[in-house]
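Notes for the one structure printed next.
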Amino acid sequence: MSDLADHILIVDDEEMIAMAFKCQIEDLGYAVCGTAASADDAVALACLHRPKVVLMDMRLRGEKDGVDASLVIHQLVGSRVIFVTGSKEPATVTRIQLDHPRAILFKPVSYRKLESAVQEAMRD
């Protein structure tokens, strides 16, 4: 979709992690349109701001996870999703693959890996 703005939505249920990602993303020169802790909030913010990229944690507040949010965001907005997870369990990685993510980053995420994944996802 050509109307996606060049900004990023951060979705993580841990406020400190979300703020750390926000600082890193802004340090890379990108705008952050918001942060969300639940799948429903992520979908609402994505529909409102139409971000080009979503940095999506797998485990979120509430019953829905990052894949649930990602599938809806992809369908409604078309944002590119970079998943961030602390789990390398095959079931988790398989679930993440349902939405063809731009990247999967495993916590803790190095600055260089974040930078590389974001730059790649921002390319047209």
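One finds the CG atom of Leu45 at 5.5 Å from the CG atom of Leu9 (value rounded to the nearest 0.5 Å). Atom CD of residue Gln119 and atom CZ of residue Arg123 lie 6.5 Å apart, to the nearest 0.5 angstrom. Note that CG of Asp27 is 10.0 Å distant from CG of Leu114, once rounded to the nearest 0.5 Å. Distance check, rounded to the nearest 0.5 Å: CE of Met122 to CZ of Arg102 gives 11.0 Å. Distance check: Gln24 CD to Met19 CE gives 12.0 Å after rounding to the nearest 0.5 Å. To the nearest 0.5 angstrom, Phe21 atom CZ is 7.5 Å from Leu105 atom CG.
When hydrophobic clusters are built by joining Ile, Leu, Val, Met, Phe, Trp and Tyr residues whose side-chain heavy atoms come closer than 4.5 Å, directly or via intermediates, Tyr111 is grouped together with Val53.
A salt bridge is defined here as a Lys NZ or Arg NE, NH1 or NH2 lying under 4.0 Å from an Asp or Glu carboxylate O, and Lys64 with Asp41 fails to meet this definition. Taking the charged nitrogens against the carboxylate oxygens, Asp13 and Arg61 have no contact shorter than 4.0 Å, which rules out a salt bridge.
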Q: Apply the test side chain to side chain contact (heavy atoms under 4.5 Å, CB included) to residues Phe83 and Gln97: give CA-CA distance (whole Å), side-chain angles for both, the deciding distance (0.1 Å), then the verdict.
A: CA-CA 10 Å; Phe83 272 94; Gln97 293 293 345; over 6 Å; no
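Nearest heavy-atom pair across His49 and His7 is O-NE2, 2.9 Å. Scanning all heavy atoms of the two residues, the minimum distance from Ala121 to Ile82 falls at CB-CD1, 3.9 Å. Of all heavy-atom pairs spanning Val54 and Ser79, the tightest one is CG2-CB, 3.8 Å. For the residue pair Val81 and Ser70, the shortest heavy atom distance occurs at CG2-OG, 3.4 Å.
Between Ile96 and Thr92, some side-chain heavy-atom pair lies under the 4.5 Å cut-off. Between Ile8 and Glu26 the shortest side-chain heavy-atom distance does not fall below 4.5 Å. Val11 has its side chain out of reach of Asp57: every pair of non-hydrogen atoms, C-beta onward, lies at least 4.5 Å apart. Looking at His74 and His100, their side chains never come closer than 4.5 Å, going by heavy atoms from C-beta outward.
Summarising the local packing, NZ of Lys107 is surrounded by more than 12 heavy atoms from other residues, nucleotides or ligands at distances under 6.0 Å.
Leu55 pairs in a side-chain contact (heavy atoms from CB on, under 4.5 Å) with only one of the listed residues (Thr35, Val84, Val32), which is Val84. Evaluated for a side-chain contact (heavy atoms from CB on, under 4.5 Å) with Met56, the options Ile73, Val67, Asp12, Asp65 yield exactly one hit, Ile73.
Side-chain atoms of Arg59 do not come within 3.5 Å of backbone N or O of Gly86 as any donor-acceptor pair.
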